[in-house]
Amino acid sequence: MTNLLPEMAEIWQQTLNWQPTVQQQAQFQRLYELILEGNRQLNLTRITDPQEFWEKHLWDSLRGIVPLLSANFSSASPAIIDIGTGAGFPGVPVAITVPNCTITLLDSTRKKITFLDNILSELALTNAKTLVGRAEEIGQHPQHRQAYDIALIRAVGAASVCAEYTLPLLKQRGLAIIYRGNWTEDETTALQNAVNQLGGVIESIEKFTTPLSHSIRHCLYLRKVANTPDNFPRAVGIATQKSL
Ligand code: SAH
């Protein structure tokens with residue numbers, strides 16, 4: 001028996017003012033099946049129930065970025081990078097939903113990237129490409145540094161680490177979106193200093209609940225307002241060991 005993803009058209013409409021087309025729904029379904037299959041070989045995700053997959057992987061991935069794309073990027077083709085994409089979240093749902101963006105899916109684990117290459121070809125997603133590497137190295141690479149309009153990062157590390165991975169990759173005025181569960185004001189205060197050192201500002205922090213299980217989520221939006229000093233990101237592992 002195949003696992004069928006719910007459609008949730010009304011919830012999409014109410015929460016994101018958007019609904020998947022028939023083709024996008026088919027791509028979501030195929031993505032889900034390929035991840036269930038891939039889970040047998042690779043440890044991709046603990047979330048396998050169809051409702052939970054819909055909420056925690058599809059809806060959660062899109063909630064942080066889709067509202068802002070319709071407001072600011074409707075005619076442009078933003079260059080997006082998803083850092084530590086793992087099994088492709090939030091990047092693959094974004095590639096499916098926002099066909100006019102180009103998205104780079106970065107992960108340090110080659111096996112996950114090989115898996116994603118197959119996903120992209122199965123879903124015929126021509127606006128996404130993969131990259132094997134560490135955020136610390138890619139952030140110093142001339143081809144990638146200051147090259148992106150938006151950097152996404154979910155479940156990769158502490159917020160200051162996420163700031164150090166994302167901000168160097170952004171163009172001036174680019175936006176980093178850090179996906180979090182719980183978040184406190186004290187954490188905002190602590191993050192401020194790291195973000196300043198990296199040439200960014202905390203533009204906004206949004207709190208919301210997921211539509212099925214009502215779990216708490218936060219998205220932190222960091223705007224790049226100045227050049228990131230050349231020494232950031234620091235060498236592999238330093239951001240996590242000596243956080244800013
Ligand atoms: N973003 C996905 C996966 C989170 S797991 C999701 O939310 O489901 C964290 C992933 O980040 C792992 O796949 C790991 O290989 C990758 N990762 C951790 N540190 C990294 C680094 N410095 N550079 C690139 N990828 C990294």
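All ligand and atom numbering here is 1-based and tracks the order in the structure.
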Inspect the contact between Glu206 and Arg217 and indicate whether a charged nitrogen and a carboxylate oxygen are less than 4.0 angstrom apart.
no
Are a donor atom and an acceptor atom from the side chains of Gln192 and Asn196 found within less than 3.5 Å of each other?
no
Starting from atom 18 (C) of ligand 1, what is the nearest protein heavy atom, named by residue and atom, and what distance separates them?
Val156 CG1, 4.1 Å
Note: Arg154-Asp60 ion pair, threshold 4.0 Å (strictly below)
yes
Please check: side-chain N/O of Glu187 versus main-chain N/O of Thr184, any donor-acceptor pairing under 3.5 Å?
yes
Numbered atoms of ligand 1 (with element) below 4.0 Å of Gly133, judged on heavy atoms:
23 (N), 24 (C)
Looking only at heavy atoms of Tyr165, does any of them come nearer than 4.0 Å to an atom of ligand 1?
yes
Tell me whether Asn43 at atom CG has more than 12 heavy atoms from other residues, nucleotides or ligands lying less than 6.0 Å away.
no
Using distance alone, with no hydrogens and no angle criterion, decide if Thr130 and Asp117 have a side-chain donor and acceptor under 3.5 Å apart.
yes
I'd like to check whether Phe89 has a polar contact with ligand 1, where a contact means an N/O of the residue lying under 3.5 Å from an N/O of the ligand.
yes
For ligand 1, which part of Ile153 has a heavy atom less than 4.0 Å away: the side chain, the backbone, both, or neither?
neither
Does the N or O separation between Lys112 and ligand 1 drop below 3.5 Å for any pair?
yes
Between Gly84 and ligand 1, is there a nitrogen or oxygen pair with a distance under 3.5 Å?
yes
Arg30/Glu33 salt bridge by N-O under 4.0 Å criterion:
yes
Specify the protein heavy atom at minimum distance from atom 17 (N) of ligand 1: its residue, its atom name, and the distance to 0.1 Å.
Ser108 OG, 3.7 Å
List ligand 1 atoms under 4.0 Å from Gly86, heavy atoms only on the residue side.
3 (C), 13 (O)
Considering heavy atoms of the protein only, find what lies nearest to atom 13 (O) of ligand 1 and give residue, atom and distance to 0.1 Å.
Asp107 OD2, 2.7 Å
Give the residue, atom name and distance (to 0.1 Å) of the protein heavy atom nearest atom 7 (O) of ligand 1.
Arg154 NE, 2.6 Å
Can you report which non-hydrogen protein atom sits closest to atom 22 (N) of ligand 1, along with the distance?
Glu136 OE1, 2.9 Å
State the atoms of ligand 1, each with its element, that fall below the 4.0 Å cut-off from a heavy-atom position in Thr109.
15 (O)
Are any of the N or O atoms of Ala135 closer than 3.5 Å to those of ligand 1?
yes
Which residue pairs pass the ring pair (Phe, Tyr, Trp, His ring centres under 6.0 Å) test when at least one of the two sits in residues 140-174, sequence neighbours left out?
His141-His144
For Ala155, counting its heavy atoms only, list the atoms of ligand 1 lying under 4.0 Å from any of them.
4 (C), 5 (S), 7 (O), 9 (C)
Is a salt bridge present between Arg234 and Glu136, judged by a nitrogen-to-oxygen distance below 4.0 Å?
no
Sole candidate of Val98, Val94, Leu16 that passes side-chain contact (heavy atoms from CB on, under 4.5 Å) when paired with Ile65:
Val94
